[in-house]
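Only one structure is covered here, and it is reproduced in the block below.
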Amino acid sequence: MKYIYRVYQIVVALPIIIILTILTSITTSIGCTLGNGHFWGYYPPVIWSTLVLKVLLLPVEVVGRENLTHGESYVFVSNHQGAFDIFLIFGHLRRNFKWMMKRQLRSIPFVGYACEKSHQIFVDKRGPSKIKETYDKARVTLRGGMSVVVFPEGSRTYNGRMGTFKRGAFMLADELQLPVVPLTINGSFDVMPRTSKWYWVHRRKLTLTIHKPIRPVTQGAENISRLMEESYEAIHSGLNKKYQ
């Protein structure tokens with residue numbers, strides 16, 4: 001069955017995904033150029049992400065959507081198990097948001113340009129002025145009523161377990177007094193481990209757990225530490241035991 005699925009990936013899934021990616025990138029780029037970037041930067045990618053997972057026959061489960069309030073801005077923080085985290089969150093969070101993503105992703109053909117046109121936030125660490133510019137953009141986004149999604153580990157895991165969190169997302173939440181919503185992803189590492197020598201997709205279940213918002217109580221260093229610690233604990237508690 002494994003080899004049948006691999007043939008399916010090459011012959012059926014890969015061509016469809018390439019076409020979907022190019023069409024979505026073009027639609028997003030043109031739509032954002034002509035008009036509402038919040039609309040065109042979100043809904044076409046949601047359809048793209050959902051279809052990619054369906055084409056690859058990957059089952060998805062979402063838990064905890066009832067924890068979110070309509071119209072409220074959040075700083076979403078998630079563990080980063082693998083490349084399929086993007087499709088899972090974009091396709092199934094059901095919340096309009098902007099990504100805070102690595103600057104290097106801008107170089108991906110079609111996709112990088114679409115991300116730029118849709119005002120996703122590229123995290124640039126090439127000096128204090130660039131870092132400040134990144135967080136200035138994030139502040140504008142959040143003050144405008146939008147949410148953001150951050151991987152506070154900074155990069156994908158090598159072993160399925162969580163790494164250390166960086167403080168940036170929690171400092172933003174503290175400064176703007178916004179709730180932090182932890183997200184736990186399970187299955188993405190099993191679908192395609194970062195250490196895999198071959199980019200085969202393994203058919204595994206993907207699960208997105210949306211935890212209850214962690215709201216600011218005070219403001220300052222103590223609140224930042226509390227938000228970070230409670231978020232880490234919540235995300236960690238939702239992981240499959242083998243990755244805890």
Side-chain angles (χ1 to χ4, degrees), residues 63-69 71-82 85-86 88-89 93 95 97-103 120-186 188-189 194 207-244:
V63 179
R65 279 210 195 100
E66 69 277 3
N67 290 325
L68 303 180
T69 301
E72 187 169 16
S73 294
Y74 297 109
V75 176
F76 292 99
V77 294
S78 173
N79 62 314
H80 202 1
Q81 278 205 339
D85 299 344
I86 307 297
L88 182 61
I89 293 176
L93 184 59
R95 174 70 55 152
F97 64 86
K98 301 297 181 186
W99 291 100
M100 291 188 70
M101 58 176 62
K102 288 183 177 181
R103 171 182 59 86
Q120 309 301 327
I121 303 163
F122 292 102
V123 179
D124 194 332
K125 298 180 180 178
R126 292 177 296 174
S129 63
K130 294 292 186 181
I131 294 173
K132 181 180 182 301
E133 183 180 336
T134 294
Y135 283 96
D136 285 345
K137 289 179 181 177
R139 289 186 191 95
V140 170
T141 296
L142 288 164
R143 284 175 177 148
M146 188 66 60
S147 296
V148 297
V149 174
V150 186
F151 295 118
E153 294 166 272
S155 59
R156 289 172 291 159
T157 178
Y158 282 98
N159 57 14
R161 296 179 176 86
M162 285 169 57
T164 304
F165 279 4
K166 296 176 174 62
R167 296 169 64 86
F170 306 98
M171 292 171 66
L172 267 177
D174 174 73
E175 178 185 337
L176 301 177
Q177 291 291 280
L178 291 173
V180 174
V181 177
L183 305 173
T184 300
I185 290 174
N186 279 298
S188 183
F189 182 76
R194 184 174 182 177
T207 303
L208 175 65
T209 302
I210 304 168
H211 298 277
K212 291 182 179 180
I214 303 171
R215 300 186 180 277
V217 177
T218 57
Q219 192 167 21
E222 184 178 337
N223 186 53
I224 293 169
S225 296
R226 182 185 67 85
L227 291 173
M228 187 161 60
E229 289 170 9
E230 291 188 16
S231 295
Y232 191 97
E233 290 172 4
I235 295 170
H236 188 266
S237 70
L239 283 173
N240 291 335
K241 288 186 177 181
K242 64 179 179 178
Y243 294 129
Q244 287 185 349

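Being a predicted model, the structure only gives us computed values, none of them experimental.
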Would you mind reporting whether [Y] and [X] have side-chain heavy atoms less than 4.5 Å apart?
| X | Y | value |
| --- | --- | --- |
| K102 | V123 | no |
| L239 | M162 | yes |
| Q219 | Q177 | yes |
| V181 | L68 | yes |
| F165 | I235 | yes |
| F76 | V150 | no |
| L88 | I185 | yes |
| T157 | N79 | no |

For residues 137-162, the ring pair (Phe, Tyr, Trp, His ring centres under 6.0 Å) pairs (sequence neighbours left out) are H80-F151, W99-F151

The criterion is side-chain hydrogen bond (donor to acceptor under 3.5 Å, both in side chains); which residues satisfy it with T184, sequence neighbours excluded? H211

Could you list the residues that satisfy side-chain hydrogen bond (donor to acceptor under 3.5 Å, both in side chains) with E233, not counting sequence neighbours? none

Working to the nearest 0.5 Å, report the span between [atom1] of [X] and [atom2] of [Y].
| X | Y | atom1 | atom2 | result |
| --- | --- | --- | --- | --- |
| N240 | N186 | CG | CG | 4.0 Å |
| I89 | S78 | CD1 | OG | 4.0 Å |
| L142 | K98 | CG | NZ | 12.0 Å |

Could you pull out the closest heavy-atom pair between [X] and [Y], with the gap in Å?
| X | Y | result |
| --- | --- | --- |
| M100 | L172 | SD-CD1, 4.2 Å |
| D174 | L227 | N-CD1, 4.3 Å |
| E153 | G163 | OE2-N, 2.7 Å |
| T134 | I121 | O-CG2, 3.8 Å |
| A234 | S237 | O-OG, 2.6 Å |

Please determine whether the number of non-hydrogen atoms from other residues, nucleotides or ligands lying under 6.0 Å from atom CD of E222 exceeds 12. no

Count the heavy atoms belonging to other residues, nucleotides or ligands that lie under 6.0 Å from CE of M101, then report whether that count exceeds 12. yes

Which residues satisfy the side chain to side chain contact (heavy atoms under 4.5 Å, CB included) test with V63, sequence neighbours excluded? E61, T209

Taking salt bridge (Lys or Arg N to Asp or Glu O under 4.0 Å) as the definition, give me every residue that meets it alongside K242, ordered by chain and number, with sequence neighbours left out. D190

Residues in salt bridge (Lys or Arg N to Asp or Glu O under 4.0 Å) contact with E229, at least two apart in sequence or another chain: none

Exercise: do Y74 and E72 side chains pair donor with acceptor under 3.5 Å: yes

Using a 3.5 Å distance criterion without hydrogens, assess whether the side chain of [X] forms a donor-acceptor pair with backbone atoms of [Y].
| X | Y | value |
| --- | --- | --- |
| Q244 | H236 | yes |
| K166 | P152 | no |
| N223 | G220 | no |

Look at R143 together with E175 and state whether they make a salt bridge at an N to O cut-off of under 4.0 Å. yes

Please evaluate residues R167 and M228 with respect to the criterion side chain to side chain contact (heavy atoms under 4.5 Å, CB included), reporting the C-alpha separation (whole Å), side-chain torsions for both, the decisive distance (0.1 Å), and the verdict. CA-CA 7 Å; R167 296 169 64 86; M228 187 161 60; 3.8 Å; yes

Per side chain to side chain contact (heavy atoms under 4.5 Å, CB included), S73 is matched among V148, T141, L178 by L178

I need the single residue from S231, P216, S225 that forms a side chain to side chain contact (heavy atoms under 4.5 Å, CB included) with F170. Which is it? S231

Using the side chain to side chain contact (heavy atoms under 4.5 Å, CB included) rule, take R194 and S155 through it: C-alpha gap first, then chi angles, then the decisive distance, then the call. CA-CA 10 Å; R194 184 174 182 177; S155 59; 3.8 Å; yes

